[in-house]
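A quick write-up on the structure given underneath.
A, B, ... follow the sequence lines: proteins, then strands. Residue 1 opens every chain.
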Amino acid sequence: MPDPTGPSNPSVKRACDCCHKRKVKCIGDGTRPCKNCTAAGLTCTYNAIPQKKGPKGSRAKVISELRETQRQSQLAARARHGLGFEASQYANAFSRTPELLSVELITSCVDFFFAKMYPTQPIIHRQKVGETIGQMDNSTEAYCLIAALCGYMLIQPNLTLPAGIIPDQELPQSKVNMGQTLLEEAIRVRKGYDYIETPSIWSIITSFFFFGSYFCLDKHNTAWFHLREATTLAQLLSMHEESHYAGDAVEAARRRRLYWLLFITER
DNA sequence: TTATTCGGAAATTAAAAACA
DNA sequence: GTTTTTAATTTCCGAATAAT
């Protein structure tokens, strides 16, 4: 429809519902019915509730996310081109922070897990956890599983630790902060290992611990993301097929419990 | 030919960040 | 406090298409 008012005319402060839908200039300057509706024989209404304009949330967050994404992809590209110095920096992005996990901290957290969490989450055997701890030094997956387990336990409100295990232990928030640090460490270090292409039972349990942790921290979107991740990894390991459970009967029973726990939690 | 649709540019608006 | 920057929404231009 040609616009008799011309292109230089300022925009009307509010277009009626029909003109908005039709994407045409609402002629009549707020009068009801507007000229377009009159010409088309339409009921001219202003029922639509306008949305709030302008940015939502923190802009800095969006920008920093974009910067981080670009930084990561640049580092990855340089690493692929074999630039020695940059490549080593890229590797450092996933390197461990050894001072975070002391033997005492691991022991306390594992004890707490088997005392308080195991009854509702019987997904790992105590002996297997011991073996996993033993393999932490030469297995990224083992390290991430233990870091995730400790992080998960540290954010539990009723966990008590022997004195001097973590910095500023007497402060009320220190355990939760330390827990979050460990979760971030596990997620960061795990990125340096291709657990998606070559998943193991450790990968699934680690993702499940991330789910539990972020759920406790009220980060529900992140939590559901990790639960879905755990379920997908279980699918990749064919845990939905009976053939997966051949062999060691005790281990098979534990794996079944893990699979069903994932299945039920996702409902 | 005239009428209608709709992709997307431009204008508008509001919130966050920067500045004084 | 004010100004600037940024991001979200709204208006509606105008090319493409449909109807007559």
Would you tell me whether Thr206(A) and Glu141(A) have side-chain atoms, one donor and one acceptor, within less than 3.5 Å of each other? no
Report the nucleotide, chosen from dT13(B), dT11(C), dC12(C), that has the shortest atom-to-atom distance to any side-chain atom of Lys53(A). dT13(B)
Here the pair of heavy atoms bringing Ser207(A) nearest to Glu229(A) is OG-OE1, 2.9 Å
Under-4.0 Å side-chain N/O to phosphate OP1/OP2 contact, Lys52(A) with dA15(B): yes
Tyr143(A) six-ring face occupied by Arg96(A) cation (under 6.0 Å, within 45°): yes
Where do Gly179(A) and Leu154(A) come nearest, in terms of heavy atoms and distance? CA-CB, 3.6 Å
Any side-chain N or O of His20(A) below 4.0 angstrom from OP1/OP2 of dT11(C)? yes
Can you confirm whether the side chains of Arg190(A) and Ser203(A) place a donor and an acceptor under 3.5 Å from each other? no
Over 60° means perpendicular and under 30° means parallel, so tell me whether Trp260(A) and Phe263(A) are parallel, tilted or perpendicular. perpendicular
Counting Watson-Crick and G-U wobble pairs with both distances under 3.5 Å, what is the dot-bracket string for DNA chain C, 5' to 3', using [ ] for crossing pairs and | for pairs to another strand? |||||||||||||||||||.
Distance-only donor-acceptor pairs under 3.5 Å for side chains of residues 105-118 of chain A, two or more places apart:
unit_1    : atom_1 : unit_2    : atom_2 : d
Thr107(A) : OG1    : Val103(A) : O      : 2.7
Ser108(A) : OG     : Glu104(A) : O      : 2.9
Asp111(A) : OD1    : Arg126(A) : NH2    : 2.2

Verify whether one side chain among Gln180(A) and Tyr214(A) offers a donor that lies under 3.5 Å from an acceptor in the other. no
Output the rounded distance in Å from CD (Gln51(A)) to P (dA15(B)). 13 Å
What's the NZ-P distance between Lys25(A) and dG8(B), to the nearest Å? 22 Å
Please pick, from dT5(B), dT11(C), dC12(C), the nucleotide with the shortest atom-to-atom distance to any side-chain atom of Arg22(A). dT5(B)
Counting distance alone, no hydrogens or angles: does the base of dG8(B) have a donor or acceptor under 3.5 Å from a partner atom on the side chain of Lys23(A)? yes
Between dA3(B) atom P and Leu42(A) atom CG, what is the distance in whole Å? 15 Å
Give the nucleotide from the list dT4(B), dT11(C), dC12(C) with an atom nearest to the side chain of Arg14(A). dT11(C)
Should the ring pair Phe215(A) and His220(A) be called parallel, tilted or perpendicular, given that the plane angle runs from 0 to 90° and is split at 30 and 60? parallel
Can you tabulate the close N/O pairs, meaning under 3.5 Å, that link protein atoms to atoms of nucleotides 16-20 of chain C?
none

